[in-house]
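Here the structure comes first, spelled out in structure tokens, and everything after it is commentary.
These numbers come from the heavy atoms of this one structure, side chains and all, not from hydrogens, waters or symmetry mates. Numbering starts at 1 and runs along the sequence shown.
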Amino acid sequence: MSARAVTATVAAAVLAGLLLSALVGVVYGWDGGRTTAEILVPLGAATALLAGWLVRRRSRLGGLRRQFLVGGALALAPLLLGTVLFTAVMFVNAHDAFLTAMLAAYATALGCGVSWLLARGALADVTAIDRALERVGDGERELAIARGGADELAVLAAGVETMAARLAAEERARRDLIQAISHDLRTPLTSLRLLAEAVDDGIVDPARQHDYLGRMTTHVRSLGALIDDLFELTRIEAGDIHWTLERIPLDALVAETVEAMRMQAAARSISVLAETPRAPVPAEANADQIQRVLFNLIQNAIRHTPADGAITVRLEPAGDRVEIEVADTGPGIAAAERDRIFEPFYRGGEDAVRNDDGSGLGLAICRAIVEAHGGTIWLADSARGARIRFSLPGAAAAAEAAALTPS
């Protein structure tokens with residue numbers, strides 16, 4: 001406890017004593033008020049000073065049980081001492097003075113007992129939490145901490161359980177990510193090794209060597225794209241972002257992106273349509289990054305839409321936000337996979353989320369970019385195909401948030 005805090009506590013105790021003395025003076029007269037002040041003011045100031053001295057030396061008091069007991073005794077000691085002083089000064093009958101002193105002593109003893117019981121229950125919860133944290137440190141992740149109350153310690157215990165559950169989920173996600181990366185690296189690396197060995201051993205003719213070198217180049221590019229996407233995702237999630245946000249016309253950006261993807265979709269006999277409002281739809285965003293999200297979503301839709309299918313990109317205002325949707329007429333996404341499609345490298349039961357044409361990080365990168373813009377991305381309900389929607393703060397909302405942010 002700082003000196004300023006001790007001074008404030010002493011001042012509060014003195015002020016409270018003076019106020020009570022003034023009240024006694026109003027009821028019993030000047031002499032009673034003066035006598036009360038002579039007892040309460042020094043007693044309150046001394047108690048506050050002693051409390052400050054003890055708080056600064058908590059480490060010498062030992063465990064919390066002893067601290068609770070000392071604190072309870074310090075709180076009740078003024079009652080006992082004040083009672084003795086008041087009875088000595090104001091009581092004429094010695095019998096009444098003795099009974100009052102006994103009552104104060106009894107109340108002090110009861111107070112200490114109650115403090116001890118409360119401390120015992122609270123410290124049992126503290127011990128349970130401490131042991132649970134030790135188990136978490138030893139690697140245990142499934143916890144059920146017993147608690148005897150519904151107080152702040154119970155909230156802390158629930159927080160420890162939640163923390164352990166999150167650690168378990170993160171560890172599972174990390175294992176899954178490592179397994180997925182290993183899987184996606186193993187296939188091209190194995191092919192590269194076999195092709196290189198074939199060329200090195202001279203078992204193929206020059207014409208086949210040229211074909212093998214072309215395959216090797218394809219695998220190298222695939223590995224490079226995977227590593228680049230993984231690095232980009234890690235950088236965005238770590239907050240290492242150096243984008244410039246500006247007011248952009250989303251309607252024009254959507255139309256431009258759809259037009260750029262039209263030829264790729266047409267090669268698979270898929271139509272791509274943009275639906276945008278007549279009025280301009282501005283947003284505060286980075287045009288390149290939002291276009292990257294659109295490219296990823298449309299490419300993903302093309303991969304999973306059969307021939308003669310259709311992809312629709314919709315843009316619409318939604319209050320102070322703007323929502324963009326990419327909908328396709330493909331087979332859709334199974335209900336069991338809906339919550340995981342934005343996880344890196346996630347593969348559905350029938351590889352419904354992606355196929356071997358992509359790095360498996362497209363949707364994860366989309367989510368990272370959208371969330372970095374202060375938006376959200378989700379899989380919307382659809383009677384046919386898949387509908388992936390994401391929202392961004394509108395230009396007006398972004399400007400208002402910037403105005404409220406302290407410089």
Backbone N or O of [Y] within a donor-acceptor pair of the [X] side chain at under 3.5 Å?
X	Y	answer
Asn296	Cys366	no
Ser269	Ala307	no
Gln289	Trp243	no
Arg235	Asp240	yes
Arg387	Val326	no
Thr329	Ala310	yes

Do [X] and [Y] make a side-chain contact, defined as non-hydrogen atoms from C-beta onward lying under 4.5 Å apart?
X	Y	result
Glu325	Ile388	no
Leu273	Val313	no
Leu297	Arg292	no
Pro277	Leu315	yes
Thr305	Ile311	yes
Asp381	Arg338	yes
Arg166	Arg141	no
Glu256	Glu259	no

**Asked** Can you name the side-chain hydrogen bond (donor to acceptor under 3.5 Å, both in side chains) partners of Glu371, sequence neighbours left out?
**Response**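 None.
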Looking at [atom1] of [X] and [atom2] of [Y], how far apart are the two atoms once the value is rounded to the nearest 0.5 Å?
X	Y	atom1	atom2	answer
Leu194	Tyr212	CG	OH	9.5 Å
Arg262	Ile298	CZ	CD1	9.5 Å
Asp130	Glu134	CG	CD	5.0 Å
Gln264	Arg303	CD	CZ	8.5 Å
Ile290	Leu253	CD1	CG	8.0 Å
Leu18	Leu15	CG	CG	6.5 Å

**Prompt:** Passes side chain to side chain contact (heavy atoms under 4.5 Å, CB included), His219 versus Leu195? Steps please.
**Reply:** CA-CA 10 Å; His219 288 304; Leu195 291 169; 4.1 Å; yes
Smallest separation among heavy atoms of [X] and [Y], with atom names:
X	Y	answer
Ala157	Ile145	O-CD1, 3.6 Å
Gly330	Pro306	CA-CD, 3.8 Å
Asn286	Leu245	N-CD2, 3.6 Å
Gly375	Pro393	N-CD, 4.4 Å
Leu363	Ile341	CD1-O, 3.4 Å
Met163	Leu133	CE-CD2, 4.0 Å

**Request:** Test Leu223 against Leu192 for side chain to side chain contact (heavy atoms under 4.5 Å, CB included), laying out the working first.
**Result:** CA-CA 11 Å; Leu223 286 172; Leu192 281 172; 3.7 Å; yes
Residues, nucleotides or ligands: over 12 heavy atoms within 6.0 Å of [X] [atom1]:
X	atom1	answer
Arg384	CZ	no
Arg34	CZ	yes
Glu197	CD	yes

**Candidate pair Glu275 and Arg314, rule salt bridge (charged side-chain N to carboxylate O under 4.0 Å, His left out), full reasoning** = CA-CA 5 Å; Glu275 295 182 358; Arg314 297 184 180 91; 3.0 Å; yes
**Prompt:** Where do Thr218 and Met216 land on the side chain to side chain contact (heavy atoms under 4.5 Å, CB included) test, with the steps shown first?
**Reply:** CA-CA 5 Å; Thr218 300; Met216 293 172 67; over 6 Å; no
**Item:** Pair Glu323 + Arg389, salt bridge at N-O below 4.0 Å
**Value:**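 Yes, this pair counts.
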**Item:** Qualifying residues under ring pair (Phe, Tyr, Trp, His ring centres under 6.0 Å), relative to Trp378, sequence neighbours excluded
**Value:**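 If we apply the ring pair (Phe, Tyr, Trp, His ring centres under 6.0 Å) test to Trp378, skipping adjacent residues, there are no hits.
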**Request:** Please determine, by modelled atom types, if Gln291 and Thr257 share a side-chain donor-acceptor pair under 3.5 angstrom.
**Result:**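 The criterion, which ignores hydrogens and geometry beyond distance, is satisfied for Thr257 and Gln291.
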**Request:** Indicate whether any N or O donor in one side chain lies under 3.5 Å from an N or O acceptor in the other, for Ser391 and Thr376.
**Result:**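 Side chains of Ser391 and Thr376: pair found under 3.5 Å.
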**Asked** Picking from Ile129, Val136, Thr162, what satisfies side chain to side chain contact (heavy atoms under 4.5 Å, CB included) with Leu143?
**Response**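 Only one of Ile129, Val136, Thr162 forms a side chain to side chain contact (heavy atoms under 4.5 Å, CB included) with Leu143, namely Val136.
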**Request:** Check step by step if side chain to side chain contact (heavy atoms under 4.5 Å, CB included) holds for Phe390 and Leu294.
**Result:** CA-CA 10 Å; Phe390 67 92; Leu294 289 171; 4.1 Å; yes
